[in-house]
Amino acid sequence: MISALIRQSIDCQYQQHARHNFFYPGNDIAWTDVTRRLTTDGAPEILALRDADKATAVVDYLTNSARRTFCAVNQYFDMATANTNALREVYTALVEDMVTAASIGCFREAQLTARHTKRLQRWLQRTHPFLETHYANAGAQLEPVVCAEYAAALQLNVLRLDPATLMGPVLDIGCGPQAALVRLLRQQGIAAYGVDRFIASPEVYLKAGDWLDFVLPAGSWGTIVSNLSFSNHFLHHHHRNSPDCARYAVKYMEILRALRPGGRYHYAPSLPMVEKYLSPEEFTVSTTPVTAQFSGTVVTRMPATAPQAPSGGNALSPLHCA
C-alpha cells in the first residue's frame with residue numbers, strides 16, 4: 001500500500017516533467033511543492049519504505065508511471081523486459097536515496113535531483129543511444145510523437161478485415177490500452193485476444209507486455225493483426241539502421257509461422273524490405289494502398305503442415321489467455 005502523500009508526490013512529478021528533455025543542458029528534474037511537502041511532513045512515510053514490500057510497491061509504481069510517461073512522449077521507446085528492469089534499478093536507487101535522507105533528517109534537493117537526473121540520462125544513453133543525438137538540439141520541453149488508438153471500424157477498413165470470414169482465433173498485436181478492435185470482435189462471438197504495453201482495463205483475453213517479449217507458438221493463430229503498431233516500429237528501426245531491426249525481423253517471421261495453414265497476418269504499414277524475401281511456397285503477399293503515404297499488407301500462410309510449436313518462453317496463446 002502506497003501512502004496518499006507519496007502517491008500524490010509521484011503523480012505530480014510526472015505531470016510536471018512529462019515532456020522533460022534529459023539532454024537539454026542544466027535541465028535537472030526539480031521537485032514539485034508536493035514533493036517538498038513530503039520531505040518536510042512525510043518523513044515517517046518515507047522511512048516506512050525501509051520495509052522491502054512497501055519499497056517494492058513504490059518502485060513498481062514509479063517504474064510503471066515512467067514507462068507510460070516516456071511512451072506518451074515518444075511511442076518508439078523500447079520498454080521490453082531488459083530495459084524496464086534497468087529502469088526499475090534507477091527508481092530503486094531513488095527510493096534508497098530518499099530513505100537515507102529521511103534517516104539523517106536532511107534532504108538536499110539539488111543534490112538528490114541531480115543524482116536522479118544523471119541516472120536517468122545514463123539509462124537513456126545505454127538503452128536508447130539514438131535519442132541523445134535526436135534530442136540534442138531540441139528545447140527543454142519535447143514535442144510528443146503522434147500516437148493514438150484508432151476506432152475499431154477504422155481498423156477493420158485499414159486492415160481489410162471482414163469479421164464474417166475471419167479465421168480464429170485472432171490476435172491483435174499492439175491492441176492499444178482500450179483494445180477497441182478486440183472488444184468489438186468478441187462482441188461478435190469471435191475468439192479475439194490482444195497484447196499491448198498498456199492495458200487500461202485488464203481482462204483474461206488481454207495481456208500487458210511488450211510484443212518482443214512474448215513467444216507465439218507456431219500454428220496457433222488463425223488471424224493476427226497489427227495496425228500502426230508492430231510494423232510501424234519495425235519500419236522505424238529499419239530507417240534508423242538500428243541494431244534492433246534484427247530483433248524485429250526475427251519476431252516478424254515468428255508471427256508468420258504462428259499462423260495456422262491458411263491463416264493471415266493483416267498489418268499496416270507495409271514492410272516491403274522483408275516482404276519481398278518471403279518464400280512463395282510458404283506465403284502469399286497482398287498489398288493495398290491506404291493513403292498516399294503508406295499501404296497495408298495481408299500475408300497468407302499457404303495450406304501446409306505447420307511446424308511444431310517451440311517449447312519454453314513467455315508464451316501467449318489462446319490456452320494462456322483463456
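Val90 and Val58 fall within a single hydrophobic cluster, where Ile, Leu, Val, Met, Phe, Trp and Tyr are joined by side-chain heavy atoms under 4.5 Å apart, directly or via other members. Note on Met79: it does not cluster hydrophobically with Leu206, by side-chain heavy-atom contacts below 4.5 Å among ILVMFWY residues. Residues Phe22 and Ile10 share a hydrophobic cluster, clusters being chains of Ile/Leu/Val/Met/Phe/Trp/Tyr side chains in contact below 4.5 Å. Linking Ile, Leu, Val, Met, Phe, Trp and Tyr residues whenever their side-chain heavy atoms come within less than 4.5 Å places Tyr14 and Leu112 in a single cluster. In terms of hydrophobic clustering, with Ile, Leu, Val, Met, Phe, Trp and Tyr side chains grouped at heavy-atom distances under 4.5 Å, Ile173 and Val250 are assigned to different clusters.
Between Tyr193 and Trp221, the distance from one ring center to the other falls under 6.0 angstrom.
A donor-acceptor contact shorter than 3.5 Å links the side chain of Ser103 to the backbone of Val99. Checking side-chain atoms of Arg301 against main-chain N and O of Gly263 turns up no donor-acceptor pair under 3.5 Å. When atom types are taken as modelled, the side chain of Ser65 and the backbone of Leu62 share no donor-acceptor pair closer than 3.5 angstrom. The backbone N or O of Leu216 sits less than 3.5 Å from a side-chain atom of Glu254, completing a donor-acceptor pair. Panel note: side chain Asn21, backbone Gly139; a donor-acceptor pair is recorded below 3.5 Å. Without hydrogens or angle criteria, Glu96 side chain to Tyr91 main chain gives no donor-acceptor distance under 3.5 Å. Side-chain N or O atoms of His266 include one that pairs as donor or acceptor with a backbone N or O of Leu159 at under 3.5 Å. In this structure, Asp172 contributes its side chain and Gly194 its backbone to no donor-acceptor pair below 3.5 Å. At distances below 3.5 Å, not a single donor-acceptor pair connects side-chain atoms of Thr223 with backbone N or O atoms of Val170. At distances below 3.5 Å, at least one donor-acceptor pair connects side-chain atoms of Lys251 with backbone N or O atoms of Phe214.
With a 4.5 Å cut-off on side-chain heavy atoms, Phe107 and Met98 count as touching. Looking only at side-chain heavy atoms (C-beta outward), Leu120 and Leu87 come within less than 4.5 Å of each other. For the pair Thr84 and Asn64, the minimum side-chain heavy-atom distance is 4.5 Å or more. Between Arg68 and Pro177 there is no side-chain heavy-atom pair separated by less than 4.5 Å. Side-chain atoms of Leu156 and Leu184, non-hydrogen and from C-beta on, do get closer than 4.5 Å to each other. With a 4.5 Å cut-off on side-chain heavy atoms, Arg88 and Val59 count as touching. Considering only heavy atoms from C-beta on, Arg37 comes within 4.5 Å of Gln8 through its side chain. Counting heavy atoms from C-beta outward, Ile224 and Leu259 have side chains that approach closer than 4.5 Å.
Considering all non-hydrogen atoms of both residues, Ala192 and Val182 come closest at O-CG1, 3.7 Å. Across every non-hydrogen atom of Ala268 and Gly296, the tightest pair is CB-CA, 3.9 Å. Smallest separation of non-hydrogen atoms from Tyr150 and Ala180: O-CB, 4.3 Å. Minimum heavy-atom separation, Arg119 to Leu94: NH1-N, 4.1 Å. Closest heavy-atom contact between Leu142 and Ala138: CD2-CB, 3.9 Å. In terms of heavy-atom proximity, Asn27 sits nearest to Ala140 at ND2-O, 3.2 Å.
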Would Tyr135 and Tyr24 count as a ring pair (Phe, Tyr, Trp, His ring centres under 6.0 Å) if you check the C-alpha gap in whole Å, the side-chain angles of each, and the deciding distance to 0.1 Å? CA-CA 8 Å; Tyr135 290 139; Tyr24 189 84; over 10 Å; no

Go through it in stages, so that I can follow the logic: the residues are Arg247 and Asp78, the test is salt bridge (Lys or Arg N to Asp or Glu O under 4.0 Å), and I'd like the CA-CA distance, side-chain angles, deciding distance and then a yes or no. CA-CA 12 Å; Arg247 298 171 64 203; Asp78 180 355; 3.1 Å; yes

Can Thr284 and Met302 be said to form a side-chain contact (heavy atoms from CB on, under 4.5 Å), step by step? CA-CA 7 Å; Thr284 61; Met302 300 296 286; 3.4 Å; yes

Apply side-chain contact (heavy atoms from CB on, under 4.5 Å) to the pair Tyr252 and Phe234, showing each step before the final yes or no. CA-CA 9 Å; Tyr252 176 76; Phe234 193 169; 3.9 Å; yes

Walk me through whether Ile255 and Tyr267 qualify under side-chain contact (heavy atoms from CB on, under 4.5 Å). CA-CA 11 Å; Ile255 290 170; Tyr267 58 90; over 6 Å; no

Mind running side-chain contact (heavy atoms from CB on, under 4.5 Å) on Leu278 and Val285 for me, showing each step along the way? CA-CA 8 Å; Leu278 294 179; Val285 180; 3.8 Å; yes

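The neighbour count for Arg108 CZ, taken as heavy atoms of other residues, nucleotides or ligands under 6.0 Å away, does not exceed 12. Counting non-hydrogen atoms of neighbouring residues, nucleotides and ligands closer than 6.0 angstrom, the CG atom of Asn137 reaches no more than 12 such neighbours. The number of heavy atoms from other shown groups lying within 6.0 Å of CG (Asn241) does not exceed 12.
Side-chain N/O atoms of Thr81 and Asp213 include a donor and acceptor closer than 3.5 Å. For the residue pair Ser295/Ser270, the side-chain donor-acceptor check at 3.5 Å is satisfied. A donor-acceptor contact closer than 3.5 angstrom is absent between the side chains of Tyr265 and Thr297.
Summarising the geometry, atom CG belonging to Asp53 is positioned 14.5 Å from atom CE belonging to Met1; distances are rounded to the nearest 0.5 Å. In this structure, Phe283 CZ and Arg257 CZ are separated by 5.0 Å, a value rounded to the nearest 0.5 Å. With rounding to the nearest 0.5 Å, the separation of CZ in Arg260 from CE in Met167 is 8.0 Å. To the nearest 0.5 Å, the span separating OG1 on Thr32 from CD on Gln13 amounts to 4.5 Å. Taken from CZ in Arg240 to NE2 in His238, the straight-line distance is 12.0 Å, to the nearest 0.5 Å. Interatomic distance, Thr35 OG1 to Glu109 CD, rounded to the nearest 0.5 Å: 8.5 Å.
Among pairs with a residue in residues 48-82, those fulfilling ring-ring contact (aromatic ring centres under 6.0 Å, His included) read Phe70-Phe77, Phe70-Trp123, Tyr76-His233, Tyr76-His236, Phe77-His128, at least two apart in sequence or across chains.
Between His134 and Phe130, the ring planes lie tilted relative to each other; the angle falls in the 30° to 60° range.
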